[in-house]
Amino acid sequence: MGGRGFDGRGIDRNGGARDARVQGARDATVRREGLESVPRRARGGVDASARTNETRAEARAETRDARTSFWARVRADARRRDEVKAAMRECFEAYGQFARGHDELAPKSRAGRDDFGGVGATLVDALDTLFVMGMRREFDEALAMLKEPGSAFRALIHGDVDRDVSLFETNIRILGGLLSAHDLSGDTDALEFAETFAARLSAAFHTSSGIPRSFVNVKTGRSFALPWTQGKSILADFGSMHLEWSTLSARTNNPVYEAHTAHVFEQIARARQSSGAPHGLFPHLYDPDAGRFAGGVISFGALGDSFYEYLIKCWRSLGDLKDSETWREMFDAAMEGMKANLLHEWKREGDEVFSYLSPIGGSGPDSMEHLACFAPGMLVLGAAEAPTQELADEYVEIAKRIARTCVAMYDSQPSGLAPDHVRLLKSPPSMATIDAKNIQRPETVESLFYLYRKTGDQKYRDDAWRIFQSMKKAYRVPGSGWQGIRDVSSSAPAGDDKMQSFFLAETLKYLYLIFCDGDVMHLDEWVFNTEAHPFRITKTRRS
Ligand code: DMJ
C-alpha cells in the first residue's frame, strides 16, 4: 500500500489560514515542514566527533547559514501568500463594483457578462476562496447577496426563469460552490440552495440510458445536447458529477441525487470492454438514447479530463462509495491506458525527463492542451494509498515529468504565461503554439500545489510564484480586475476582457494554498472538486 503522504491537520472552522494567528502558524510551519527542507547536515546528521575544531566551526557556520536562509524563505513564502490574497481581494472588489450578481466580470469594459445563465457564477465560485483566505466579512456579504429574495441567483435555482444551463459547468461551479460553502461554514441555506438547484438539474438524467444530456432548461426541464455532438453526451460532463451529487445526498440524507450519478458510473463501468477505446480509457462521446459510447477521440484534455480525476477523488473521499474497489481499479486501469497510449517523452535534461499527454484522435499525437496539466495533481492523489509502493512511486515520478512540461509551457513564452494548446517537437526538443491565448486556467498551479504537498520541494513553490508574477503583470487591469490574454508570445499582450470565475475559484485558491502550511485544507480531510471547491472527506483513512 502506497503511503498517504500528506502531513498536517485541518482548517479552522471560523475560516482562513488563521490570519489572526499567523505568526504562530508560521512557526508551526517551520516545525512541521522544516525538517523536510533543511539540508540534512543542518539537522546534525554528521559525526561531529571526528572533526577538527576548524571543520566544526565550518559546520556550525553552515548550519547557521542554512537556518538563516530557511527562515528567510519561510518569511518570503508568507509574503507570497499574502500577495495572492491581495490579488483575490482586488478581483473580488472589482467584481462587486462592476458586475455584482452577473456571472463574470469584463474588466476592460467594467461590465458584467452572463455565460452561465446569469446565476452569479463568480459570486458562488468565489465563496470558499474567500473563506479559506480568511476574508470572512466578504464571504458573509457574498452569501447574503445570494440570499436576497429577488436575486437572479434565486430565480434561476428555483427554475422561475426560462433558461438553458450547462449541466457540467453549473454542477462544478454552482452546486460545488454551495456545497463547499456549507461544508466550510455550516450555513444551512447554502445546502438548501444546492438541493433546490439539483432538483432542477435532475431533469437532464431523464434519458433512456440514464446518462444525462449536457444542457437543461431549469424551468421546463427540456434537456438537449450540443449541436456538434449530434445528440451525444460528453464524458467529462456526465462522468464528473458523482462527487457533488453523492456529497449532496450525504449532507441532506436524501439518496435520490447519488442514485442518478451512481447509475451513470455503472453504465460506464459496464462499457469497459465494449467502448472501443484502449483498455482503461473511454471515448469522449456517449449516445444517451442508444446507451453506448460513440466517437473515437480519447483525451485527458477537454471532454475527457475530469472523468479520470473523479475516479480517484470519489474513491479517496466518499465514505459510502458503492462499488468502491471498482472505482480504484478503473483509476489504475486508466493510468495503465494513459501510460500505454497518451504519455510521451519529448525532452531529457540531465536526469530530468519531460513528459506530455496527447490525445488519440482530435488534435493529434504530439499536442498537449493546458487543460491536461491537471494530471500531475491527479497522479499525486492516486499515489496516496496506491495498491503498491512501486505504483505510488511511479505515479509521483510521472506527475513530476508532466509538471516539468507544464511549467516549461510558461517559461518558454515572453509573457511568462502558457499557451492554451501546444505541439511538442522532439528534435530539437521545442514547443510550437497551437492556441496562443491564456485564459487564467488553474491546471498547472493546481498540480504544483499537489506536488508541493506531496514532496515539500521548494521548487514547486518557486515555479508557482514565477507564474503568479507573470499573471500579475499580464492580467491586471488596475482598479477593475484581472483578465486573460490573447497572445502569450507578446511581452505586452492584449487582454480578452474576461475575468473567469474559475480564476477566483481555482487559480488564486491553489496559488494561495501552495504558500500555506500543509495543515490548511489538509488533503486527508478535504477533497477539491474539479472547480477547486473543497468538500469534507467522509472516508475513514487507513493508517
Ligand atoms: C475549470 O472550470 C475546471 O477545472 C474544469 O474541470 C476544466 N476547466 C476549467 C478551467 O480550465
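Computed from a predicted model, the values in this text were never measured in an experiment. Every number for a ligand or one of its atoms is a count from 1 in the order of the listing.
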(message) Can you confirm if the aromatic rings of Phe238 and Phe307 lie within a centre distance of less than 6.0 Å?
(response)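 Aromatic pair excluded; centres sit 6.0 Å or further apart.
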
(request) Report the relative orientation of the aromatic rings in His260 and Trp245; use parallel for angles under 30°, tilted for 30 to 60°, perpendicular for over 60°. (result)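 The arrangement is perpendicular - the two ring planes meet at more than 60°.
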
(message) Looking at Arg466 and Asp463, is there a salt bridge between them, counting it only when a charged N and a carboxylate O are closer than 4.0 Å?
(response) yes

(message) Using a strict threshold of under 4.0 Å (side-chain N to carboxylate O), is an ion pair present between Arg486 and Asp496?
(response) no

(message) If you measure every N or O of Glu506 against every N or O of ligand 1, does any of those distances drop under 3.5 Å?
(response) yes

(request) Could you pull out the closest heavy-atom pair between Ser367 and Ser358, with the gap in Å? (result) O-CB, 2.6 Å

(message) Please give me the minimum heavy-atom distance between Glu104 and Asp115, naming the atom from each residue.
(response) OE1-OD2, 4.1 Å

(request) Report yes or no: does a heavy atom of Ile172 sit under 4.0 Å from some atom of ligand 1? (result)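 Right, Ile172 reaches ligand 1.
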
Would you mind listing which atoms of ligand 1 come within a distance below 4.0 Å of any non-hydrogen atom of [X]?
X      : value
Arg173 : 2 (O)
Glu531 : 1 (C), 2 (O), 3 (C)
Arg441 : 10 (C), 11 (O)
Leu371 : 7 (C), 8 (N), 11 (O)
Thr530 : 3 (C), 4 (O), 5 (C), 6 (O)

(message) Heavy-atom pairs closer than 4.0 Å: do any link ligand 1 to the side chain of Pro442, the backbone, both, or neither?
(response)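 Side chain only.
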
(request) Quickly, which of Tyr308, Phe300, Phe293 forms a ring pair (Phe, Tyr, Trp, His ring centres under 6.0 Å) with Phe282? Name it, please. (result) Phe293

(request) Would you tell me which option among Glu369, His370, Glu443, Glu309 has the nearest heavy-atom contact to atom 9 (C) of ligand 1? (result)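 Of the listed residues, Glu443 has the closest heavy atom.
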
